[in-house]
Amino acid sequence: ACGSSSKGGSSGGSSGGSSGGSSGSVPGADALDKASGVVNLTFWHSMKDTNQKAVTAIVDAFNTKYQGKIHVTDTYQGSYDDAIAKYKTAVSSHTTPSLMQVYDVGTRFMVDSKQTIPVADLASKDGYALGDLQPNIVNYYSVGGKLQSMPFNSSMPLLYINVEAFKKAGLDPANPPKTLDELADAAKKLTVKDANGTTTQYGFGAADYGWFVEQLTAESGALYCDNDNGRTARATKLNLDSGAPLTYTKWWSDLVKGGYASNTGRPTADAQAAFKAGKVAMNLESTGVLGGYVDAGTKAAAPFTVATAAFPKVTAADSGGPVIGGASLWIDRAGHSDAEVRAAWEFAKFAASAPQQAAWHQATGYFPVSVAALQDPTDVAYRQKHPQFQTAIDELTATKPSTATAGCLLGVMPQARADLEQAMLNVATTGTTAEAALADASTKIAKLISDYNSAVG
Ligand SMILES: O=P(O)(O)OC[C@H](O)CO
């Protein structure tokens with residue numbers, strides 16, 4: 001997850017460490033004019049199903065606009081984790097794509113990989129104003145004072161509710177649970193067993209997902225890693241042994257062991273499928289799955305009314321907000337021609353533009369990275385008709401920027417998140433205590449961080 005954070009200006013701001021990026025020169029607009037023939041671009045991403053269709057719609061619109069000049073081929077590369085693993089292989093074999101979608105927590109790694117060109121350099125070369133991008137999103141993707149990648153799909157975490165199940169259990173969907181305790185109470189009321197004692201509906205179900213722990217930590221006003229969440233200097237440790245990480249790990253394990261939560265493991269797709277099939281009545285997920293849940297009213301939609309509510313807090317007193325999630329587009333420089341880099345920049349601008357972001361928001365649920373897109377009449381009308389699409393925007397605007405809500409910038413964040421998730425899974429499925437599992441994970445992650453920091457210097 002990432003940073004709905006500080007007061008960042010439109011050219012970005014915070015963050016420790018070097019600005020990274022490739023040492024290649026910054027091509028100007030003439031690089032495209034000089035190209036002979038069509039400039040072909042490869043675009044790797046992790047959007048599937050409903051969201052993949054929406055990516056393809058953007059790519060098709062771009063290819064039509066630039067017919068005869070630029071052609072983008074988009075390819076689904078699996079989950080965010082799968083895609084980043086493939087990217088690492090591509091770096092070794094010098095076969096990186098022209099454009100790469102990388103999730104929030106891959107930001108520090110991408111800068112350190114020195115394969116890409118900061119989009120701030122391309123923007124200043126041709127006078128492109130970054131001011132239409134949501135400042136807090138720009139702030140997250142800025143490292144060393146420069147916007148490194150183009151914000152594309154930005155999210156907030158939400159609580160999803162099966163409205164009919166809520167009503168059947170005598171609960172009011174208009175008054176959803178706001179804290180972990182309230183969520184646990186509702187989960188108990190929403191769990192249904194048949195005459196044989198077999199559970200036919202779990203009250204709650206969600207992936208075993210470190211992102212939620214990161215969110216609850218930010219909401220409680222605490223830092224997920226040291227050195228101001230890795231933004232004034234490289235982080236050296238995660239704060240996992242107490243606070244929200246410990247509380248959530250115990251809470252999740254208690255619900256699973258009590259039979260009130262469906263544990264589908266680490267893959268987010270499995271938890272999404274369980275909610276969409278009506279097997280669980282409440283689900284924590286990104287606003288980026290909302291399009292898939294309601295699927296614009298088609299037959300692919302969940303067969304019940306889906307409501308969205310703000311992500312819960314550990315306690316009602318927590319006054320912080322969530323961290324922005326999702327991913328951004330990186331423009332590869334190392335091994336790519338000037339014309340290709342310029343063409344990739346044209347695509348990045350197009351994908352972040354107000355009309356494309358308004359359409360993207362309505363199709364997927366990811367909120368627009370473009371400020372103007374929120375004022376687009378089609379988007380305003382869509383939100384009025386489908387209020388579920390407003391929840392993440394309210395959450396974003398209610399969040400006070402802070403170091404906590406900036407989220408943790410860490411080169412090994414993907415691996416660290418996986419280690420935490422394994423620890424949470426062990427607690428929920430074995431007799432290991434949360435204290436012991438998190439202490440073990442902390443030790444393992446501290447070594448990962450120390451090795452990484454020594455390697456990058
Ligand atoms: O599911 P997404 O795309 O909103 O991403 C959620 C997290 O931010 C990934 O780290």
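Residue numbers run from 1 in the order of the sequence given. Counting convention: from 1, in listed order, for ligands and their atoms alike.
When each atom of ligand 1 is checked for a heavy atom of S155 under 4.0 Å away, the hits are 2 (P), 4 (O). Numbered from 1 in the order shown, with element, the atoms of ligand 1 that lie under 4.0 Å from a heavy atom of Y103 read 9 (C), 10 (O).
Checking S286, A327, S154, G326 against atom 5 (O) of ligand 1, the nearest heavy atom belongs to G326.
For D379 and Q357, the side-chain atoms include no donor-acceptor pair closer than 3.5 Å. Between the side chains of N51 and T364, no donor-acceptor pair of N or O atoms lies under 3.5 Å.
On a distance-only criterion, R417 and ligand 1 share at least one N/O pair closer than 3.5 Å. Note: no N/O pair closer than 3.5 Å links E285 and ligand 1 by distance alone. On a distance-only criterion, Y366 and ligand 1 share at least one N/O pair closer than 3.5 Å.
The aromatic rings of Y209 and W211 sit tilted, their planes meeting at an angle between 30° and 60°. Classification of the F204-W252 ring pair by plane angle, with boundaries at 30° and 60°, yields perpendicular.
Residue contacts with ligand 1 include G325, since one of its heavy atoms falls under 4.0 Å from the ligand.
Here Q215 has no heavy atoms under 4.0 Å from ligand 1, in either its backbone or its side chain. Residue contacts with ligand 1 for Y209 involve side-chain atoms from C-beta outward but no N, CA, C or O (heavy atoms, distance under 4.0 Å).
Taking a cutoff of 4.0 Å between a charged side-chain nitrogen and a carboxylate oxygen, D112 and R234 qualify as a salt bridge.
A centroid separation of less than 6.0 Å is found between the aromatic rings of W345 and Y128.
Not counting sequence neighbours, the partners of D121 by the salt bridge (charged side-chain N to carboxylate O under 4.0 Å, His left out) test are K146.
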